[in-house]
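Any value given below was found using the heavy atoms of this structure, including those in side chains, with hydrogens, waters and symmetry copies removed. Ligands are counted one by one from 1 in listed order, and the atoms in each one are counted from 1 as well.
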Amino acid sequence: MENHDLIKGIKELLKKRDAVLLAHNYQRDEIQEIADHTGDSLGLSRIAAESKARVIVFCGVHFMAESAAILAPDRTVLLPRIEAGCPMADMITPAGVEQMRGRYLGGTVVTYVNTTAAVKAASDICCTSGNAVSVIRSLPDDGKPVIMIPDQNLAQYVATKVARKVVWWDGYCPIHHVYTARDVLKVKKEHPNAVFAAHPECRPEVLELADHITSTSGMYTFARETDAREVIIGTEMGVLYRMRKESPEKVFIPLSENMICPNMKLTNLEDVRDALVTMEPVVTVPEDIRIRAAMALDRMLSVPRD
Ligand code: 13P
Ligand code: SF4
C-alpha cells in the first residue's frame with residue numbers, strides 16, 4: 001500500500017476512534033510527520049494528562065506509554081509495538097530503590113521518568129531531562145541527600161547545578177553513555193565553528209564540552225535560537241528531522257551517525273494502523289501501583305515550568 005493511502009487510513013481511524021497520536025522526538029520521520037503532537041518525555045506526559053481524546057496512541061517506548069496510562073487512567077493507551085522498551089528503565093527495580101533508601105536514610109528519591117511504573121511507585125517524585133534541576137531545587141533542603149534513580153549521568157549533571165548532596169544509581173542509557181570526550185573533540189575538530197548541544201544522558205566528560213545541555217525538545221529551541229550556523233547534536237538521530245525542517249539554513253551534525261535507539265525506531269506506519277484497527281496492544285498499570293506512581297508524577301508536574 002502506498003504511504004499516502006496508509007496515512008489517509010490512519011487519519012480516518014484516529015478520528016473514528018477519537019484518538020490522539022503522540023510521538024517522541026526520536027521516532028521515525030514518517031511517524032513524527034503524522035503525529036498530532038511530538039515532544040520530549042515531559043511535554044508528552046503533560047499532553048497525555050490534558051488530552052480529552054478517548055484513546056492515546058503512544059509512539060515511543062514502554063515507560064512513556066505507561067506514564068500516559070498512569071496520568072490518564074480513564075483513557076485507552078495503545079503502544080503499537082509492545083516490545084519497544086528502554087534498557088535504562090530495566091536497570092532498576094523497586095528493590096533497588098529500597099536498597100538506596102536503606103543506604104541513604106531519609107533521602108528523597110527523585111526518579112527519572114525512564115523507569116517502570118513500579119519503580120515510580122516506590123519513589124517520592126519524578127523528573128525528566130527537561131526539569132530535573134527545577135525538581136530538585138523545589139525540594140525542601142532537609143540536609144539529607146537527594147537519591148537520583150536510575151541515570152548516573154543525569155544525576156551527575158544535576159549535582160553540578162544544585163547546592164545539595166546528590167547520590168545516584170549507576171544506570172545509564174546505552175545510546176548516550178558510549179560516547180566520550182574524544183568523540184566530541186574529533187567532531188569539533190572537523191567542524192571548528194560549530195557549537196555543541198548535548199543531552200544530559202551523556203557522560204560528564206562529554207557534557208563538559210557542551211555549549212548547551214538540554215532535553216530533546218530543548219534542543220529544538222537551542223537549534224532555532226543559536227547564532228551559530230553549525231550545531232553538533234549529542235543525542236539520538238531522530239531529533240535531526242524536525243531540526244533540519246525548522247532551520248534549513250543551518251547545518252546539524254550528529255555527534256555520531258550510530259546514535260540510534262533501536263527501540264525508538266521499531267514503530268512504523270503499519271504498526272500504528274494495526275493498533276488502531278485492533279485497539280491493541282493496550283498498556284495498563286495495576287491500580288495500586290498506578291495510584292502511587294501518579295503521586296510521584298503529579299508532584300513533578302506541579303513543579304513550575306522553567
Ligand atoms: P527526553 O525527555 O529529553 O525526550 O529524553 C527521553 C529519552 O529517552 C532520552 O534518551
Ligand atoms: Fe532509553 Fe536511551 Fe532509548 Fe532513551 S535513547 S529510550 S534512554 S535506551
For atom 7 (C) of ligand 1, the closest protein heavy atom turns out to be Glu201 OE2, 3.7 Å

From Ser41, Cys173, Pro174, Gly39 - option closest to atom 2 (O) of ligand 1 by heavy atom = Ser41

Would you check if there is a donor-acceptor pair between the side chains of Tyr220 and Ser247 at a distance under 3.5 Å?
-> no

Between Leu255 and Gly234 the two heavy atoms that sit nearest each other are CB-CA, 4.0 Å

Enumerated ligand 1 atoms positioned under 4.0 Å from heavy atoms of His199 = 1 (P), 3 (O), 5 (O), 9 (C)

Which residue supplies the protein heavy atom nearest to atom 3 (Fe) of ligand 2, what is that atom called, and how far is it?
-> Cys261 SG, 2.4 Å

Is any side-chain N of the basic residue among Glu50 and Arg46 closer than 4.0 Å to the acidic one's carboxylate O?
-> no

From the options Thr38, Asn25, Thr235, Asp40, select the one residue that forms a side chain to side chain donor-acceptor pair (under 3.5 Å) with Thr216.
-> Asn25

Is Asp40 touching ligand 1 with its side chain, its backbone, both, or neither, if touching means heavy atoms under 4.0 Å apart?
-> both

Among side-chain atoms of Asp183 and Thr180, is any donor-acceptor pair under 3.5 angstrom?
-> yes

Verdict with reasoning, Glu236 to Lys265, per salt bridge (Lys or Arg N to Asp or Glu O under 4.0 Å) = CA-CA 11 Å; Glu236 212 269 356; Lys265 299 296 188 254; 3.0 Å; yes

So which protein heavy atom does atom 4 (Fe) of ligand 2 come closest to, and at what separation?
-> Tyr26 CE1, 4.0 Å

Atom CD of Glu257 with >12 non-hydrogen neighbours under 6.0 angstrom = no

Any salt bridge between Asp36 and Lys11, counting N to O under 4.0 Å?
-> no

Atoms of ligand 1 less than 4.0 Å from Ser215 heavy atoms?
-> 3 (O)

Could you tell me whether Arg292 and Glu287 have a side-chain N and a carboxylate O separated by less than 4.0 Å?
-> no

Is the shortest distance from a Lys or Arg side-chain nitrogen in Asp142 or Arg164 to a carboxylate oxygen in the other one below 4.0 Å?
-> yes

Near Pro87, which atoms of ligand 2 are under 4.0 Å from a heavy atom of that residue?
-> 8 (S)

Side chains of His199 and Thr214: do they bring a donor and an acceptor to under 3.5 Å?
-> no

Please state whether Met88 comes within less than 4.0 angstrom of ligand 1, counting heavy atoms only.
-> no

Do the charged groups of Lys8 and Glu12 touch, with an N to O distance under 4.0 Å?
-> yes

Does ligand 1 have an atom under 4.0 Å from some heavy atom of Glu236?
-> no

Would you call Glu201 a ligand 2 contact, heavy-atom distance under 4.0 Å?
-> yes

Metal check, atom 3 (Fe) of ligand 2 vs Cys86 N/O/S, cut-off below 2.8 Å | no

Numbering the atoms of ligand 2 from 1, which are under 4.0 Å from a heavy atom of Met88?
-> 7 (S)

Where ligand 1 meets His176 - atom numbers and elements under 4.0 angstrom, heavy-atom basis = 10 (O)

Below 4.0 Å from any atom of ligand 1, is there a heavy atom belonging to Asn114?
-> yes

Heavy-atom nearest neighbour in the protein, as seen from atom 3 (O) of ligand 1, with distance rounded to 0.1 Å | Ser129 OG, 2.6 Å

Has Cys173 got an N/O/S atom less than 2.8 Å from atom 1 (Fe) of ligand 2?
-> no

Considering only heavy atoms of Tyr26, which atoms of ligand 1 have at least one such atom less than 4.0 Å away?
-> 7 (C), 9 (C), 10 (O)

Does the N or O separation between Thr216 and ligand 1 drop below 3.5 Å for any pair?
-> yes

Pick one of side chain, backbone, both or neither for how Asn114 approaches ligand 2, counting any non-hydrogen atom pair under 4.0 Å.
-> side chain

